[in-house]
Amino acid sequence: MKLYEAKQSRAEDLQAQIERSSAKFKYCRVSTNDVRKYVDVVTRHRYRRSVRGPIGPILCLGTRNGREVDLFRIQCFGPFWLRWSSSWMERRTQSFTTVFPQLEALGRSDLNALGDASVIGVELNPRAARSDVWTGSFDAMPADWVNRFRIVYSNSFDHSEDCERTAREWRRVIRPGGYLVFSFTHDKNPTLSDRVGGLMLADVRALFQGDLVYFQDRGSSNGYSEVILQC
């Protein structure tokens, strides 16, 4: 793991991340097929261990425009016809989009009424605010989210200002026995806005200390490596 050496204040770092988010606000780096795979892996793992009950609530961190929140909600709790059709509705340009965003918006969760079928997101950029996205930093989330989520997903760890602090915060909100679904690149050098680079599987396991459920090098539709840990 490589860290960007130059330091700046907390306020400067947060502002830099907002500007970074705004520049790529339309981008979604995870596809419908990726999310379907993650849900299938977690579901099979729970079944083999005779874990019953709900799979949610689910939290997506650093969600930018919020599309990944919609994808997890559809694949976990959406009607069959929408789960089935979401792949052919998807298009890939600079990122993954859909030709029918109105359909993906159906049934969004409410931050003020979290339940077992809730899927919500966290995004620093105020542009992301909506009923199911909390606006704020993913290393300083609401105090009452402790042990709250059965699945936490992110492909945004490279934006972390402090790796240890971020990892502690993510572990805090995952329910014991819950799953971290973690997607990352390991071939990029850190920059001022992407402060963490060169991540490897060993780094992820050291930071989050969970049992390895799944790993695929460069396995995502966007070429990211994928790790699923049970925490």
Side-chain angles (χ1 to χ4, degrees), residues 25-123 127-135 138 145 148-156 173-175 177-183 213-214 216 219-222 224 226 228 230:
F25 192 72
K26 294 182 180 180
Y27 290 8
C28 176
R29 298 302 193 185
V30 61
S31 78
T32 295
N33 291 333
D34 294 330
V35 173
R36 184 178 292 127
K37 173 175 58 181
Y38 304 149
V39 173
D40 286 347
V41 169
V42 170
T43 300
R44 289 197 302 270
H45 189 261
R46 283 163 51 94
Y47 179 80
R48 288 195 299 268
R49 283 153 181 75
S50 300
V51 178
R52 302 294 181 262
I55 198 172
I58 297 170
L59 179 66
C60 299
L61 299 172
T63 190
R64 201 170 285 150
N65 64 26
R67 183 169 185 255
E68 61 199 42
V69 178
D70 294 331
L71 295 182
F72 271 92
R73 187 186 66 257
I74 289 167
Q75 293 305 317
C76 288
F77 307 114
F80 173 79
W81 65 267
L82 187 53
R83 298 198 308 271
W84 176 83
S85 62
S86 57
S87 292
W88 66 259
M89 291 192 300
E90 189 169 72
R91 299 291 182 269
R92 181 171 184 174
T93 52
Q94 291 177 304
S95 67
F96 297 99
T97 60
T98 179
V99 295
F100 293 116
Q102 299 86 349
L103 290 179
E104 289 192 347
L106 293 174
R108 283 177 176 164
S109 302
D110 185 347
L111 287 167
N112 299 313
L114 289 181
D116 289 336
S118 295
V119 183
I120 66 170
V122 168
E123 170 55 43
R127 289 178 60 189
R130 65 189 205 193
S131 69
D132 59 348
V133 175
W134 181 79
T135 304
F138 60 33
W145 284 7
R148 189 70 182 87
F149 300 94
R150 289 187 173 92
I151 297 177
V152 171
Y153 167 79
S154 186
N155 59 19
S156 300
V173 301
I174 299 175
R175 186 171 300 202
Y179 296 84
L180 174 68
V181 181
F182 191 101
S183 180
V213 174
Y214 173 86
Q216 183 62 52
S220 80
S221 301
N222 200 49
Y224 289 178
E226 307 163 304
I228 299 179
Q230 186 177 32

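From a predicted model like this one, the values you see are computed outputs, not experimental measurements.
Here CG of D70 is found 11.0 Å from OG of S86. Values are rounded to the nearest 0.5 Å. How far CZ of R67 is from OH of Y27: 15.0 Å, rounded to the nearest 0.5 Å. For the atom pair CH2 of W134 and CG of L59, the computed distance is 10.0 Å after rounding to the nearest 0.5 Å. In this structure, the separation between CG on L180 and OG on S154 is 8.0 Å, given to the nearest 0.5 Å. Note that CZ of R148 and CD1 of I120 are 8.5 Å apart. Values are rounded to the nearest 0.5 Å. Rounded to the nearest 0.5 angstrom, L61 CG and F182 CZ are separated by 10.5 Å.
Applying side chain to side chain contact (heavy atoms under 4.5 Å, CB included) to L71 and the options V119, V35, D34, N33 leaves one that passes, V35. Of the options V173, V122, I58, a side chain to side chain contact (heavy atoms under 4.5 Å, CB included) to V152 is made by V173 and by none of the others.
With a 6.0 Å cutoff to the six-membered ring centre and a 45° limit on the axis angle, R29 does not count as a cation-pi contact of Y224.
Using the six-membered ring where Trp is involved, W88 and F100 have ring planes that are perpendicular, over 60° apart on the 30 and 60° scheme.
When only modelled atom types and interatomic distance are considered, Y38 and E226 share a side-chain donor-acceptor pair under 3.5 Å. With hydrogens and angles left out, the side-chain atoms of R92 and S221 include no donor and acceptor closer than 3.5 Å.
In this structure, the side chains of K37 and I228 stay at 4.5 Å or more apart for every pair of heavy atoms. The side-chain heavy atoms of L103 and L106, taken from C-beta on, include a pair separated by under 4.5 Å.
Across all their heavy atoms, S87 and T32 have their closest contact at OG-CG2, 3.7 Å. Nearest heavy-atom pair, S183 versus Y153, reported as atom, atom and distance to 0.1 Å: CB-OH, 4.2 Å. The nearest pair of heavy atoms linking T135 to A129 is OG1-CB, 3.5 Å. Scanning all heavy atoms of the two residues, the minimum distance from F96 to N222 falls at CE1-CB, 4.1 Å. Here the closest heavy-atom approach between residue R150 and residue I55 is recorded as CB-O, 3.3 Å. The two residues P57 and G115 make their nearest non-hydrogen contact at CB-O, 3.3 Å.
Between the side chain of R73 and the backbone N or O of E104, at least one donor-acceptor pair lies under 3.5 Å. The closest donor-acceptor contact from the side chain of S118 to the backbone of L111 lies at 3.5 Å or more, if one exists at all.
Aromatic ring centres of H45 and Y214 lie farther apart than the 6.0 Å criterion allows.
Between E123 and R130 there is no salt bridge, since no side-chain nitrogen of the basic residue lies less than 4.0 Å from a carboxylate oxygen of the acidic one.
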